[in-house]
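First the structure, in the form of structure tokens, and then the observations on it.
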Amino acid sequence: MLVRSVVSCISQVFARSFTSSFGNGLMQKIVSYHILIRRVACDHRNDNNDVAQNETKLAMDNLTAVLYGIDDMRLEQRPIPDISPEEVLIAMDSVGICGSDVHYLTKGRIGHFVVTKPMVIGHESAGVVAKVGSKVKNLTVGDRVAIEPGVPCYKCDHCKQGSYNLCPDMVFCATPPYDGNLTRYYKHAADFCFKLPDHVTMEEGALLEPLSVGVHACKRAGVSLGSRVLILGAGPIGLVTLLVAQSMGATEILITDLVQHRLDIAKELGATHTLLLTSDDTAEQVVDCVHHTMFEDPDISIDCCGAENSTRLAIFATRAGGVVVIVGMGLPEMKLPLFNALAREVDIRGVFRYCNDYAAALALVASGRVTVKRLVTHHFDIMETQKAFETAHSGTGGVIKVMIHVQPRNTNNPVKF
């Protein structure tokens, strides 16, 4: 309104003055300037209206996938969160379904992590920064980021010593009681967001989460040049562990599974050997087959299943003085051949998530040393969340990794996935 009044006043003054002094030619120019100014003012009002409409849309649409209990997943609107000075607001793009997500849906718990109230699901994710806190220096609005889903306290001894994955006060996405990020807008600590290069897609950014598990497992196992590795399980975690072990120099890798299709993908990704097992096979029966298949007994066995039988096989199969790493989480208690491990000095090490591994995972993907695109077998829109989880749970149709798109596919990919 003020712009319009000023424009009108100036035009009238110039019209009276310059018509009498300089004639109609200059007057025509002034009229042209007047029209131009009015157009600018109009465009300014339209821009303001567009911004207001976008803000209204932003404030109204935060569709979210919420787990209420066993087999009770709902899509609902939730308020867009306010951010602290150290956080960013992220417009979510891609969210992968993890085995833990499915387990919470079907069982309501993993170990001592129990769903006791409605919880937003999802933690394998990437998105675009929509708002930046006042103290954030490493990110700007529009940055495409992968999200490391756990934020520690920064203060305990574990955090100070660099093992923040062991922080007792860790806030981890979609781990009770904390919400995940299968939602349109999600806030997160800027310190745990990793900017993606233009040639890395949002889907690959989401896959940095499971890839980081593989990085951490191989680091814990001590995989190096010439390592001989046995991997139990060719699901998403087993396959990313295979990829990382190769990148770290392992020269012989045997991977096992109950599903031939998964072993076919493992072979495609570079496994030296594959071994199809049945649910009736015992560890004692399979160990000889492992030793006959590999050129030498494995230095390292990485159990990505967590089933009692697979952990037993890992211990029996590993050569004396070797290392067993347990990644998969199974029963709280199980029967293991500990005397066998002790008598042969086989180290048994646990893996819990990851720690200082996201940057390495991103470097592997960005450099082309590791290709994770093959792992994504199914795509769904957020409106199809229920169907996406049914697909992931069924394990049929050659499913490996299910990706949920909060925004239409390739919206934020400079290079299409």
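Everything numeric in this text was worked out from a predicted model, so none of it was measured.
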Output side-chain donor-acceptor pairs under 3.5 Å for residues 288-297, partner residues at least two apart or in another chain, one line each.
{"residue": "His291", "atom": "NE2", "partner": "Ala317", "partner atom": "O", "Å": "2.9"}
{"residue": "His292", "atom": "ND1", "partner": "Asp288", "partner atom": "O", "Å": "2.9"}
{"residue": "Thr293", "atom": "OG1", "partner": "Cys289", "partner atom": "O", "Å": "2.7"}

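- Rounded to the nearest 0.5 Å, atoms SG (Cys98) and CD1 (Ile121) are 9.5 Å apart.
- For Pro149, the side-chain contact (heavy atoms from CB on, under 4.5 Å) partners are His123, Phe172, Cys173, Glu209, Tyr354, Tyr358, not counting sequence neighbours.
- With sequence neighbours excluded, the residues forming a salt bridge (charged side-chain N to carboxylate O under 4.0 Å, His left out) with Asp357 are Lys219, listed by chain and number.
- Taking the side-chain contact (heavy atoms from CB on, under 4.5 Å) definition, one finds that Lys137 meets it with nothing, sequence neighbours left out.
- Thr251 pairs by the side-chain contact (heavy atoms from CB on, under 4.5 Å) definition with nothing, not counting sequence neighbours.
- Applying the salt bridge (Lys or Arg N to Asp or Glu O under 4.0 Å) test to residues at least two apart or on different chains, the pairs with a partner in residues 298-314 are Arg228-Asp299, Glu284-Arg312, Asp299-Arg319.
- Judged purely by atom type and a 3.5 angstrom limit, Thr311 uses its side chain to pair as donor or acceptor with the backbone of Ala307.
- Not a single donor-acceptor pair under 3.5 Å links the side chain of Asn62 to the backbone N or O of Thr183.
- Judged by distance alone, the side chain of Asn340 and the main-chain N or O of Phe316 form no donor-acceptor pair under 3.5 Å.
- The backbone N or O of Val325 lies less than 3.5 Å from no partner atom in the side chain of Arg220, so there is not a single donor-acceptor pair.
- With hydrogens and angles ignored, the 3.5 Å screen pairs no side-chain donor or acceptor of Asn410 with any backbone N or O of Lys416.
- Among residues two or more places apart in sequence or in another chain, the side-chain contact (heavy atoms from CB on, under 4.5 Å) test is passed with Ala366 by Pro197, His199, Val200.
- Rounding to the nearest 0.5 Å places CD1 of Ile231 at 13.0 Å from CG of Leu275.
- Checking side-chain atoms of Lys131 against main-chain N and O of Ile90 turns up no donor-acceptor pair under 3.5 Å.
- Here the straight-line distance linking atom CG of Leu313 with atom CG of Asp281 works out to 9.5 Å at 0.5 Å rounding.
- In this structure, Arg262 contributes its side chain and Ile400 its backbone to no donor-acceptor pair below 3.5 Å.
- Residue pairs meeting the ring-ring contact (aromatic ring centres under 6.0 Å, His included) criterion with at least one member in residues 379-414, sequence neighbours excluded: His379-His405, His379-Phe417.
- Ser301 and Ala314 get closest at one heavy-atom pair: OG-O, 3.6 Å.
- Of the possible polar contacts, none joining the His273 side chain to the Glu252 backbone as a donor-acceptor pair under 3.5 Å is found.
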Can you give me every donor-acceptor pair (side chain of residues 66-76, partner residue at least two apart or in another chain, under 3.5 Å) with its distance?
{"residue": "Tyr68", "atom": "OH", "partner": "Glu76", "partner atom": "OE1", "Å": "2.7"}
{"residue": "Tyr68", "atom": "OH", "partner": "Glu76", "partner atom": "OE2", "Å": "3.3"}
{"residue": "Asp72", "atom": "OD1", "partner": "Arg74", "partner atom": "NE", "Å": "3.1"}
{"residue": "Asp72", "atom": "OD2", "partner": "Arg74", "partner atom": "NH2", "Å": "2.9"}
{"residue": "Glu76", "atom": "OE2", "partner": "Arg78", "partner atom": "NE", "Å": "3.1"}

Checklist entry - Please walk me through it: do Asp280 and Gln285 pass side-chain hydrogen bond (donor to acceptor under 3.5 Å, both in side chains)? => result CA-CA 10 Å; Asp280 295 328; Gln285 291 171 334; over 6 Å; no

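- The closest side-chain heavy-atom distance from Met248 to Val215 is not below 4.5 Å.
- Of the possible polar contacts, one joining the Asn165 side chain to the Phe352 backbone as a donor-acceptor pair under 3.5 Å is found.
- Judged as a side chain to side chain donor-acceptor pair (under 3.5 Å), the pairs with a partner in residues 149-160 (not counting sequence neighbours) are, in order, Tyr154-Asp191.
- In terms of modelled atom types and a separation under 3.5 Å, the side chain of Glu124 and the main chain of Val95 share no donor-acceptor contact.
- When the salt bridge (charged side-chain N to carboxylate O under 4.0 Å, His left out) test is applied to Glu87, the partners found at least two apart in sequence or on another chain are Lys187.
- Each salt bridge (Lys or Arg N to Asp or Glu O under 4.0 Å) pair with one or both residues in residues 366-393, not counting sequence neighbours, appears once here: Glu268-Arg374.
- For the atom pair SG (Cys218) and CD1 (Ile300), the distance works out to 8.0 Å, reported to the nearest 0.5 Å.
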